[in-house]
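Here is the structure we will look at.
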Amino acid sequence: MIFRFLAAILAIGLLAGCTSQGIVAERSVMADNDAPYTLGSGDKLRVTVFGQPDLSGEFAVDGSGMVSMPLLKPVKAAGLSTEQLESELEAELGKTLLRNPSVSVQVSEFRPFFILGEIAKAGQYPYVNGMTVETAVAIAGGYTYRADRDVVRITRQKGNKVVEMNVAPTVVVKPGDTILVMERYF
């Protein structure tokens, strides 16, 4: 009798934890939308060094999170905003090549997002700015008949850690996210 009572309390606690975790995770995802975009592997950048066309151009953030430009050693870009990378590049150029350099960095192409699970065509797709989970599902050919249309799981890199969140389909997707559309139970 006591065992059943304790098992019931444990089950209720676990279910309550799952529910509150999903709500908290969704709030943290929404708060993350206001944060500046951080660069990562796969982003393509347009770097302009004013007055220096030979140093300007299109550059990619490589697998180790670095950007390689002519006449500079590779500069860490992963985890930085475009403004922070501008400052880093200005500092590096100021040390070795130019006096008072002025640099502009723009993202010319975002890294792709990934979608899998109960959708028509799982895979890697180009990111579209402001895209929601519903838009991502539409790009991937729509839901299968078994798909859970109320909650999806997003896996996202936040700093040095990977975070998994259960969210509503109206949440905004970020470049590099992995979206898992789960199977519904009934």
Side-chain angles (χ1 to χ4, degrees), residues 21 24-116 122-140 152-167 170-180:
Q21 182 181 16
V24 170
E26 188 166 335
R27 285 187 189 140
S28 71
V29 170
M30 298 308 279
D32 190 36
N33 291 338
D34 297 334
Y37 177 70
T38 56
L39 301 170
S41 297
D43 284 331
K44 292 190 172 81
L45 307 174
R46 183 177 303 110
V47 178
T48 305
V49 181
F50 294 101
Q52 302 295 323
D54 293 339
L55 296 175
S56 302
E58 298 268 334
F59 305 98
V61 180
D62 66 18
S64 62
M66 307 294 270
V67 172
S68 295
M69 292 178 55
L71 304 176
L72 282 181
K73 64 180 183 176
V75 177
K76 182 181 183 297
L80 300 178
S81 68
T82 54
E83 292 82 13
Q84 291 169 324
L85 181 58
E86 286 172 0
S87 297
E88 289 289 321
L89 291 173
E90 286 173 353
E92 286 298 318
L93 287 166
K95 285 180 192 173
T96 57
L97 295 172
L98 303 173
R99 187 176 304 174
N100 297 326
S102 183
V103 177
S104 171
V105 176
Q106 299 170 321
V107 179
S108 60
E109 188 178 316
F110 293 100
R111 59 190 177 269
F113 72 94
F114 304 87
I115 187 165
L116 47 110
Q124 169 184 316
Y125 293 94
Y127 177 77
V128 178
N129 202 14
M131 171 176 27
T132 64
V133 171
E134 290 170 331
T135 309
V137 169
I139 289 170
V152 296
R153 178 168 291 143
I154 290 182
T155 305
R156 178 175 293 166
Q157 183 82 28
K158 281 190 166 187
N160 293 333
K161 59 184 174 178
V162 175
V163 179
E164 285 189 351
M165 306 160 276
N166 290 336
V167 298
T170 56
V171 167
V172 175
V173 175
K174 296 284 190 179
D177 280 357
T178 300
I179 303 165
L180 172 62

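Note that this is a predicted model, so its numbers are computed, not measured.
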Residue pair Met165, Arg153: steps toward the side-chain contact (heavy atoms from CB on, under 4.5 Å) verdict: CA-CA 5 Å; Met165 306 160 276; Arg153 178 168 291 143; over 6 Å; no
CA sep, side-chain torsions, deciding dist, call: Thr38, Leu80, side-chain contact (heavy atoms from CB on, under 4.5 Å): CA-CA 5 Å; Thr38 56; Leu80 300 178; over 6 Å; no
Candidate pair Ser108 and Glu58, rule side chain to side chain donor-acceptor pair (under 3.5 Å), full reasoning: CA-CA 8 Å; Ser108 60; Glu58 298 268 334; 2.9 Å; yes
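Using a 4.5 Å cut-off on side-chain heavy atoms (C-beta onward), Pro74 and Ser68 make contact. Within the 4.5 Å cutoff, side-chain heavy atoms of Arg156 are placed close to those of Lys174. No side-chain heavy atom of Asp62 sits under 4.5 Å from any side-chain heavy atom of Val67. The shortest side-chain heavy-atom distance between Thr155 and Asp177 does not fall under the 4.5 Å cut-off. Annotation: side chain of Thr135 is in contact with side chain of Thr132 (closest heavy-atom distance under 4.5 Å). Looking only at side-chain heavy atoms (C-beta outward), Leu72 and Leu89 come within less than 4.5 Å of each other.
The CD atom of Glu164 lies 11.0 Å from the CD1 atom of Ile154; values are rounded to the nearest 0.5 Å.
A donor-acceptor pair under 3.5 Å is absent between the side-chain atoms of Ser56 and the main chain of Thr48, judged by distance alone. The backbone N or O of Val173 lies less than 3.5 Å from a partner atom in the side chain of Tyr127, making a donor-acceptor pair. Side chain of Glu86 to main chain of Val105: a donor-acceptor pair is present (N/O by atom type, distance under 3.5 Å, no hydrogens or angles). In this structure, the side chain of Glu90 engages the main chain of Val103 through a donor-acceptor pair within 3.5 Å.
Taking the ring centroids of Tyr37 and Phe110, they lie under the 6.0 Å cut-off.
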